[in-house]
Amino acid sequence: MGSSPHFRPGLAAIASAALLAGCAKPPAPGPPVPRVAEQLLPFLADPAEDCPAAGDLAAEASSISRRLRLSGDSTWALARAAELRERDPASLAARVLRAQALVVAGRASEAFAGLQGSDFWLPECLPLSLIYGRAAEEAGELLEAYLRYGAASALSETASARMTALSAAAIGQGRRRFLDELAKGHVERTAMTAETLLRLWPQSEAALRSVMELGEALGDANRELAAVRALQVAAPDDPALKRRRGRLEIECGDARTGLRLIEDLAAQNPRDAGLAAELARARFEWRLLNAPEPVRRLRHKPGITRGELAMLIYWMVPQTRTARPVDGRIASDVLEHHGREEIVRIVNLGVMSVDETLHRFAPDAPLRRGEAVAALVRLLRIVAGPASCAGDRESGREGICAAAQECALAADAADCQSGAALSGRDAVDLLAATLDRIGSD
């Protein structure tokens, strides 16, 4: 059969078209469909489920949240959440939805800030706890995340697992936060952080050390002692804890235990001058605790008398009960005083003076600081001798004041001669400082 004259060109055209079709570029893909990261899905719970207080907009929020989980379209979800909140600013479901959309959008810090500033915190609302915890975790607020996961841990394996995983890091962050707040003097926030650590991790070193340091900062010896005792259970041989506990036991706990702790440390470190001084102070406190009741009460008095200082010195400085008197002075106005024997002894040692003309000691007269300083300088000279810081200076006012400044019992001449009344606390501290110079035990 003959071929048509148009047949070959037709075949060529078809072949050419086929070749061109094979070389053509495929159609350009459309915009990528956003998807939610797999690890986020467990934290995007339905706002309407397991949340009794979800509110009237719960069903709409639930529908939007479901679409967010399927599409990952956080921009659209945020816009819908804003519309819901305009209709009902108090809607819990709308607030949960907004936080979910922000976390999906990678704006966890913004989600955390929005939840943190809310006036509702409902542990029984599982969707809220989950997204709150996740937002806090991604924002680096691990202590807060641990708290929020903890609120949901009984209802959610996801929350329970994250709570366990974050525990060590959350403790560390809480401890660092406490130290920073303490350094800045933010007392209320420091106390809140310490209490949170103790509530969440009651036996942890971080919590107990924070409570101990808080007690010290607040001057709360009982709080501090309770923490030190608990810390010692895990570290019974820690010398710093032993030393601190010794001081605190003497101050507000079991004084016998406190003295034993410091005696043991001093025996183990015989060349430690600081411990030797601490032991002397501990023994001083022990003697004060075992002194007669009128002497023990002196520490708490706003002002003490001359007779009370004589009694304090007598009972707190053992050497005064064995030293040889230098005089036999008589003070007619102490014969009926309840501290007669102590006063006579201190007077006859030359520690305190009697009016030479009237032969009166004035035991009930208010004690002045200058009188106390002079008496303690004389005590130093009598008990410690010329080798002490009081030296062998003249006994006049100038010599007394020079010795008082040398022994750090007075800041200057004005302090040495001050006529200000002396409190019991100040008198006890001044006598303790004097005994530090004596090296008395």
Side-chain angles (χ1 to χ4, degrees), residues 247 250 262 266 271-288 291 295 298-299 301 303-327 342-343 345-354 366-441:
R247 297 172 187 165
I250 291 171
I262 294 176
R271 296 183 180 179
D272 189 326
L275 266 175
E278 184 121 22
L279 177 58
R281 183 61 187 254
R283 289 175 173 170
F284 173 89
E285 295 290 343
W286 173 255
R287 285 195 295 272
L288 184 58
V295 177
L298 293 181
R299 172 178 284 172
K301 296 188 67 173
I304 67 172
T305 64
R306 283 170 48 83
E308 287 169 336
L309 176 64
M311 294 171 65
L312 181 66
I313 294 172
Y314 177 88
W315 286 106
M316 298 307 300
V317 186
Q319 297 92 324
T320 61
R321 300 195 289 277
T322 58
R324 179 175 296 180
V326 297
D327 208 340
E342 294 95 325
I343 294 171
R345 182 72 181 174
I346 295 303
V347 165
N348 287 334
L349 285 173
V351 176
M352 297 184 73
S353 60
V354 171
L367 178 68
R368 303 301 174 187
R369 183 175 182 85
E371 293 178 297
V373 168
L376 295 177
V377 168
R378 296 188 200 106
L379 177 67
L380 271 170
R381 290 176 175 173
I382 293 166
V383 175
S388 73
C389 58
D392 198 19
R393 296 178 176 83
E394 62 182 42
S395 58
R397 176 178 293 180
E398 290 185 2
I400 290 289
C401 283
Q405 291 173 69
E406 179 68 23
C407 297
L409 299 180
D412 50 35
D415 188 33
C416 169
Q417 300 173 34
S418 171
L422 201 67
S423 71
R425 175 75 265 178
D426 288 342
V428 168
D429 288 345
L430 201 55
L431 179 56
T434 303
L435 293 184
D436 287 344
R437 310 296 181 272
I438 294 174
S440 171
D441 61 2

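All heavy atoms count here, side chains included; hydrogens, waters and symmetry mates do not. Nothing here was measured: the structure is a model prediction, and the numbers come from that model.
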Validation row: R283, L279 side chains within 4.5 angstrom (heavy atoms): yes

Rounded distance (nearest 0.5 Å) linking atom CZ of R378 with atom CD1 of I346: 12.0 Å

Non-hydrogen side-chain atoms of T320 and L379 separated by less than 4.5 Å: yes

Separation of Y314 OH from I343 CD1 (nearest 0.5 Å): 12.0 Å

S418 and D415 side chains, donor-acceptor separation under 3.5 Å: no

Steps toward salt bridge (Lys or Arg N to Asp or Glu O under 4.0 Å) verdict (R437, E406): CA-CA 11 Å; R437 310 296 181 272; E406 179 68 23; over 6 Å; no

Separation of L309 CG from M352 CE (nearest 0.5 Å): 4.5 Å

Verdict with reasoning, L380 to C389, per side chain to side chain contact (heavy atoms under 4.5 Å, CB included): CA-CA 8 Å; L380 271 170; C389 58; 4.0 Å; yes

Spacing of OG1 belonging to T305 relative to NZ belonging to K301, to within rounding of 0.5 Å: 6.0 Å

E371 side-chain N/O to L367 backbone N/O, donor-acceptor pair under 3.5 Å: no

L376 vs V351 side-chain heavy atoms within contact, under 4.5 Å: no

Minimum-distance pair of heavy atoms, taken over all atoms of D426 and S423: N-OG, 3.1 Å

Nearest atoms (heavy-atom pairs only) where L409 meets R369: O-NH2, 3.9 Å

Under-4.0 Å salt bridge between R321 and E342: no

Non-hydrogen atoms of I382 and G350 that approach each other most closely: CD1-C, 4.1 Å

Distance in Å, D436 CG paired with E278 CD, rounded so as to fall on 0.5 Å steps: 10.5 Å

Interatomic spacing from CD1 in I304 to CE in M311 - rounded to 0.5 Å: 10.5 Å

Side-chain donor/acceptor of R287 to backbone N/O of M316, under 3.5 Å: yes

Side chain proximity check, R368 to L422, heavy atoms < 4.5 angstrom: no

Side chain proximity check, V428 to F284, heavy atoms < 4.5 angstrom: yes

Ionic contact status for D429 with R281, cut-off 4.0 Å: yes

Closest approach of A413 to C401 (non-hydrogen atoms, all atoms of both residues): O-SG, 4.3 Å

